[in-house]
Amino acid sequence: MSVKDQYRIFVEDDLGSRLRTNTAGGGAVRLPDRVLEPVERISEILFGLIMALTITGAVSVATSDHFQIRTMLWAALGCNLAWGIIDGGMYLMARLGERGRNAVIARAVRELSNREDAHRIIADELPPLLGSIFQPAQLEFIRERISQIPASDLRPGLTGRDWLGAFGVCILVVLSTFPVVIPFIVFGDARLALRTSNAFAVVLLFICGILFARHAGLWPWTTGVIMVAIGAALVSVAIALGG
């Protein structure tokens, strides 16, 4: 892995957003332009599915009527909308905290006169695998780039992309409700609607497991089956505890 690639990994976070074009040799490096990472998107979809299933799974097919189904639909949509807003707020808090932490680290590196101590801080903040293999020259390359960040850029704050990400989180949680509740709108038979809803949920859980496996380097089919089992277990626990 070249120094340029190592530096790209390090500055992929918002701490180095001003450095994305300051690579060795003056060449520009194109970084991923995603608002939400794949794992974040999958996690929000899973969360929305599980929340919706805890409500639809509590419907009694034997005693259900039109009023009960309608109440369940509004409850599922309202619950996921509320949790989508909450998740969006937590996303903003996480981004602000992460950016503030990075600013603290950057200021500490800039203020140290001893290069070895600065290198140690940088290595501690890198992923363990990278921190263990980086050489002093590579750590010094990063230290020099950090020292070039304007002081005004080290003030933590939220950007338009952060708000867009929070909106995306909310939308994902809300949209994941519809595959579970739509069968209750389409089918008049509550038993058929519940079975169709559960089938959709199983398929979506399995797909999320496959997507997660591809991103994490796991076995897709095995991870898909495990994701279905975990989702079913979580829904069962939530229903049992009155969730």
Side-chain angles (χ1 to χ4, degrees), residues 34-92 94 164-243:
R34 301 180 216 159
V35 176
L36 293 175
E37 292 298 318
V39 172
E40 292 176 318
R41 295 195 294 265
I42 295 171
S43 298
E44 296 304 331
I45 293 173
L46 287 172
F47 179 75
L49 277 173
I50 291 172
M51 291 298 297
L53 284 170
T54 59
I55 297 176
T56 60
V59 174
S60 174
V61 175
T63 60
S64 62
D65 54 25
H66 181 72
F67 177 78
Q68 183 184 12
I69 295 298
R70 185 176 62 182
T71 302
M72 180 273 297
L73 293 175
W74 283 110
L77 288 171
C79 177
N80 275 19
L81 176 60
W83 278 109
I85 294 172
I86 293 171
D87 263 11
M90 297 302 295
Y91 173 86
L92 291 176
L164 183 60
F167 179 73
V169 165
C170 181
I171 291 298
L172 285 174
V173 174
V174 174
L175 290 181
S176 61
T177 311
F178 287 95
V180 178
V181 302
I182 282 179
F184 292 94
I185 301 174
V186 175
F187 301 111
D189 186 345
R191 187 181 302 275
L192 175 61
L194 183 59
R195 289 178 177 174
T196 305
S197 173
N198 290 339
F200 283 168
V202 169
V203 171
L204 287 174
L205 287 171
F206 185 76
I207 292 174
C208 286
I210 290 179
L211 295 176
F212 177 79
R214 290 180 177 177
H215 181 76
L218 303 173
W219 293 97
W221 291 89
T222 302
T223 306
V225 172
I226 293 175
M227 191 70 74
V228 172
I230 292 176
L234 292 175
V235 170
S236 300
V237 170
I239 294 175
L241 296 178

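Computed from heavy atoms alone, side chains included, the values below leave out hydrogens, waters and symmetry copies. In this chain, residues are counted from 1 in sequence order.
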On a heavy-atom basis, which atom in [X] and which in [Y] lie closest, and how many Å separate them?
| X | Y | value |
| --- | --- | --- |
| Gly88 | Val169 | N-CG1, 3.8 Å |
| Ala213 | Pro220 | CB-CA, 3.5 Å |
| Asn80 | Ser176 | ND2-OG, 4.1 Å |
| Val174 | Leu81 | CG2-CA, 3.7 Å |
| Ala201 | Val180 | CB-CG2, 4.5 Å |
| Pro179 | Pro183 | O-CD, 3.4 Å |

Legend entry - Contacts of type side-chain contact (heavy atoms from CB on, under 4.5 Å), residue Asn198, not counting sequence neighbours: Leu53, Leu194

Legend entry - Any side-chain heavy-atom pair of Ile45 and Leu204 under 4.5 Å: no

[atom1]/[X] to [atom2]/[Y] distance, rounded to the nearest 0.5 angstrom?
| X | Y | atom1 | atom2 | value |
| --- | --- | --- | --- | --- |
| Ile226 | Leu218 | CD1 | CG | 8.5 Å |
| Glu40 | Tyr91 | CD | OH | 5.5 Å |
| Thr177 | Leu73 | OG1 | CG | 11.0 Å |
| Phe187 | Ser197 | CZ | OG | 10.5 Å |
| Met227 | Ile207 | CE | CD1 | 12.0 Å |
| Met90 | Trp83 | CE | CH2 | 9.5 Å |

Legend entry - Side-chain donor/acceptor of Thr54 to backbone N/O of Met51, under 3.5 Å: yes

Legend entry - Trp221 and Phe206 aromatic ring geometry - parallel, tilted or perpendicular at 30°/60° bounds: tilted

